[in-house]
K.L.:
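Pasting a structure below so you can have a look.
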Amino acid sequence: MTESAKLQSSIVNQIIDGSITIDSIGEFQSMLKIFPGNPHLHRALADLLVKRKSFAAAAEYYDKTASSFIESQLVLQAVVAKMLQWQIIKPSFKDIKQFYHRLIENNPRATPLNMFFAGLSFRELIALITRLERIVLPPGKMVKKFGDHENSLYMVVSGKLRRRTYPSVHQTKNHNQLLESVEAEFFGEIFPLEKEQYSQSYTDTTTWVELVKITRENLIEIGKNFPSVVPAVSELFAIHRKLFPKPHVDRKICRHSIPVRIALEVFEFKDSPPLFKLSGFARDLSIGGACIVLDGEADPSLSGQLIGRTVNILMSPPNNAMTLNIKGMIIWSQIIAAEERDSQVLGIQFNAMAPNLSGLLLVFADNLSHAR
């Protein structure tokens with residue numbers, strides 16, 4: 001590749017990722033003469049035409065974009081381009097049917113999401129497309145936070161995201177291991193669909209990002225009309241988890257290495273008597289929450305009774321220099337391997353704190369660090 005070609009290719013990539021903005025339709029058309037098969041340039045031009053309210057021309061370029069994405073075997077991107085075209089011009093049944101057949105015929109089935117789309121019938125695909133919501137976010141925007149309800153399946157159309165696992169107050173030498181780029185085509189822990197789940201990480205954007213999402217409720221609704229969709233979603237998540245396992249955390253607990261004792265009261269309602277009084281120790285601690293390992297034998301049946309409950313936590317470091325009383329909510333429960341037996345671990349999200357209390361928590365964590 002010549003230096004001129006490299007420069008042109010670099011410019012195209014910067015246009016695609018939003019680093020360079022072109023406001024001239026003529027310049028876009030000139031770029032397309034050089035790179036006629038680049039679907040991302042067709043898509044960017046179509047978006048610009050929408051901004052200029054040239055809707056008929058935009059619909060034409062969205063159609064070209066979809067065809068180019070199909071030829072490039074980028075199924076989700078083709079679907080989104082068609083969605084945008086159909087928002088401008090209502091398609092005929094024949095148009096939709098032709099698009100479906102082209103999509104299926106050119107689907108390489110090389111990724112979990114492509115395999116999912118390939119397994120959908122015509123009516124199932126349309127039911128899915130009509131319930132997708134498109135989202136465009138700038139760099140540095142939070143998509144979901146630790147403790148958020150997992151209510152949606154997000155599919156990545158373009159851009160880059162970053163996932164951060166539960167952050168500790170103290171930036172240890174292993175802190176970089178808490179960060180990972182989101183390489184998968186989709187994210188959102190919503191399966192099994194009937195199970196209430198909460199995010200165990202922070203996901204934010206590092207570039208301009210385009211997503212489409214479908215809510216868990218909409219997937220359940222589609223599943224009622226098309227029963228084969230739920231097994232297809234199950235298979236999607238099964239393959240995804242094999243290819244992209246969750247960030248590894250050492251699941252072996254050394255009880256003697258973490259000295260913070262915890263007393264925990266679990267409430268059904270704000271002012272009701274406690275349902276449970278539990279004890280244990282903190283495995284991890286931050287100003288946003290904590291992981292708590294309960295004393296005693298693990299009880300799988302307890303998880304359903306705890307998740308979503310409000311809690312009152314009393315914690316003290318080994319020297320009893322202070323005691324903190326913090327309120328929060330149990331957002332997840334897991335059973336993991338300990339040295340002697342399996343233990344029940346709770347994820348607690350703290351309620352918003354007054355500045356003086358959050359300051360005390362930082363001092364508390366500092367005492368904990370010295371105690372170790």
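Along the sequence shown, residues carry numbers from 1.
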K.L.:
Nearest heavy-atom pair of N351 and G328: which atoms, and what distance?
P.N.:
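Closest pair (atom of N351, atom of G328, distance): OD1-CA, 3.5 Å.
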
K.L.:
So, for R131 and A127, which heavy atoms are closest and what is the spacing to 0.1 Å?
P.N.:
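Looking at all heavy atoms of both residues, the shortest contact is NH1-O, 2.9 Å.
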
K.L.:
Would a single hydrophobic cluster contain both I129 and L113, if residues Ile, Leu, Val, Met, Phe, Trp and Tyr are joined by side-chain heavy-atom contacts under 4.5 Å?
P.N.:
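They do share one cluster, since a chain of ILVMFWY contacts under 4.5 Å joins L113 to I129.
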
K.L.:
Atom CG in L137, atom OG1 in T205: separation rounded to 0.5 Å?
P.N.:
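L137 atom CG to T205 atom OG1 measures 6.0 Å (nearest 0.5 Å).
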
K.L.:
Looking only at heavy atoms, what is the nearest atom pair of S152 and K213, with distance?
P.N.:
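Taking S152 first and K213 second, the nearest heavy atoms are OG-CD, 3.7 Å.
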
K.L.:
How long is the gap from CG on L128 to CG on N218, to the nearest 0.5 Å?
P.N.:
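The distance works out to 9.5 Å.
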
K.L.:
What are the two closest non-hydrogen atoms of S72 and P39, and how far apart are they?
P.N.:
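In this case the closest contact between S72 and P39 is OG-CG, 3.9 Å.
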
K.L.:
State, with a plain yes or no, whether a side-chain heavy atom of S67 is found less than 4.5 Å away from one of H42.
P.N.:
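Answer no - side chains too far apart.
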
K.L.:
Does the side chain of S68 pick up a donor-acceptor pair with the side chain of R43 at under 3.5 Å?
P.N.:
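No.
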
K.L.:
Has K97 got more than 12 heavy atoms of other residues, nucleotides or ligands less than 6.0 Å from its NZ?
P.N.:
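Yes, NZ of K97 has more than 12 neighbouring heavy atoms, counting only those of other groups under 6.0 Å.
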
K.L.:
Find out if a path of hydrophobic residues (ILVMFWY) with successive side-chain heavy-atom gaps under 4.5 Å connects F69 to W86.
P.N.:
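No, separate clusters.
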
K.L.:
Show the numbers, then the answer: is there a ring pair (Phe, Tyr, Trp, His ring centres under 6.0 Å) between F237 and F186?
P.N.:
CA-CA 10 Å; F237 274 87; F186 67 92; 5.6 Å; yes

K.L.:
Check whether any side-chain heavy atom of L120 sits under 4.5 Å from a side-chain heavy atom of Y100, and report yes or no.
P.N.:
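In short, these two side chains do not touch, never coming nearer than 4.5 Å.
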
K.L.:
Identify the two heavy atoms, one from C291 and one from V345, that lie closest to each other, and give their separation to 0.1 Å.
P.N.:
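Residues C291 and V345, closest heavy atoms: CB-CG1, 4.4 Å.
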
K.L.:
Is there side-chain contact between R309 and E268, with at least one heavy-atom pair below 4.5 Å?
P.N.:
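In contact.
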
K.L.:
Considering only heavy atoms from C-beta outward, does the side chain of Q85 approach that of K82 to under 4.5 Å?
P.N.:
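Yes. Closest side-chain heavy atoms under 4.5 Å.
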
K.L.:
Give the cluster check for L314 versus F350: same hydrophobic cluster or not, with ILVMFWY residues linked at side-chain heavy-atom distances below 4.5 Å.
P.N.:
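They do not share one cluster, since no chain of ILVMFWY contacts under 4.5 Å joins L314 to F350.
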
K.L.:
If we only count heavy atoms from C-beta on, is the F276 to L294 side-chain gap below 4.5 Å?
P.N.:
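Counting from C-beta outward, F276 and L294 never come under 4.5 Å.
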
K.L.:
Ion pair present between R163 and D204, side-chain N to carboxylate O less than 4.0 angstrom?
P.N.:
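Salt bridge absent between R163 and D204.
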
K.L.:
Taking side chain as C-beta onward, heavy atoms only, is L76 less than 4.5 Å from F117?
P.N.:
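L76 vs F117: side chains touch.
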
K.L.:
Kindly compute the distance separating CD1 (I190) from CG (L153), expressed to the nearest 0.5 Å.
P.N.:
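One finds 4.5 Å between CD1 of I190 and CG of L153.
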
K.L.:
So which atom in F191 and which in S234 form the shortest heavy-atom distance, rounded to 0.1 Å?
P.N.:
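Closest approach of F191 to S234: CZ-CB, 3.2 Å.
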
K.L.:
Does R123, at its CZ atom, have more than 12 non-hydrogen atoms belonging to other residues, nucleotides or ligands within less than 6.0 Å?
P.N.:
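No.
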
K.L.:
With side chain to side chain contact (heavy atoms under 4.5 Å, CB included) as the criterion, how do E265 and L278 come out once you've worked through the C-alpha distance, each side chain's angles and the decisive distance to 0.1 Å?
P.N.:
CA-CA 6 Å; E265 292 182 325; L278 307 170; over 6 Å; no

K.L.:
To the nearest 0.5 Å, what is the distance between CD (E235) and CD1 (I239)?
P.N.:
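It is 4.0 Å, given to the nearest 0.5 Å.
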
K.L.:
Is there a donor-acceptor contact under 3.5 Å from the side chain of R52 to the main chain of L48?
P.N.:
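It does not hold such a pair.
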
K.L.:
Is there a side chain to side chain contact (heavy atoms under 4.5 Å, CB included) between Y202 and M142 once you walk through the steps?
P.N.:
CA-CA 8 Å; Y202 296 82; M142 189 69 68; 4.0 Å; yes

K.L.:
Same cluster or not: are F116 and L74 linked, directly or through other Ile, Leu, Val, Met, Phe, Trp or Tyr residues, by side-chain heavy atoms under 4.5 angstrom apart?
P.N.:
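Different clusters: F116 never reaches L74 through Ile, Leu, Val, Met, Phe, Trp or Tyr contacts under 4.5 Å.
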
K.L.:
Is the closest side-chain heavy-atom distance between F122 and I104 below 4.5 Å?
P.N.:
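Counting from C-beta outward, F122 and I104 never come under 4.5 Å.
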
K.L.:
Can you measure from CD (Q77) to CE (M155) and round to the nearest 0.5 angstrom?
P.N.:
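Result: 11.5 Å between the selected atoms.
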
K.L.:
Go through Y62 and I89 one step at a time and tell me if the side chain to side chain contact (heavy atoms under 4.5 Å, CB included) criterion holds.
P.N.:
CA-CA 11 Å; Y62 280 132; I89 299 176; over 6 Å; no

K.L.:
Going only through I, L, V, M, F, W and Y residues with side-chain contacts under 4.5 Å, is there a path from F267 to M329?
P.N.:
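Different hydrophobic clusters.
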
K.L.:
Does N107 use its side chain to pair, donor to acceptor, with the backbone of N114 at less than 3.5 Å?
P.N.:
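Such a contact is found between N107 side chain and N114 backbone.
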
K.L.:
Whether the side chain of T207 engages the backbone of K160 through a donor-acceptor N/O pair (distance < 3.5 Å, no angle test) should be reported.
P.N.:
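Such a contact is found between T207 side chain and K160 backbone.
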
K.L.:
So among V209, L161, I135, which one has a side chain to side chain contact (heavy atoms under 4.5 Å, CB included) with V143?
P.N.:
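With V143 as partner, side chain to side chain contact (heavy atoms under 4.5 Å, CB included) holds for just one option, L161.
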
K.L.:
Any side-chain heavy atom of R216 within less than 4.5 Å of one from Q197?
P.N.:
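No, every pair of side-chain atoms sits at 4.5 Å or beyond.
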
K.L.:
Is it the case that the side chain of E210 and the backbone of V136 share a donor-acceptor pair, with hydrogens and angles ignored and the cut-off at 3.5 Å?
P.N.:
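Answer holds: no.
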
K.L.:
With rounding to the nearest 0.5 Å, note down the distance linking OG1 in T65 to CD in E60.
P.N.:
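Result: 10.5 Å between the selected atoms.
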
K.L.:
Run the numbers on V50 and F55 for side chain to side chain contact (heavy atoms under 4.5 Å, CB included), then give the verdict.
P.N.:
CA-CA 6 Å; V50 169; F55 296 114; 4.1 Å; yes

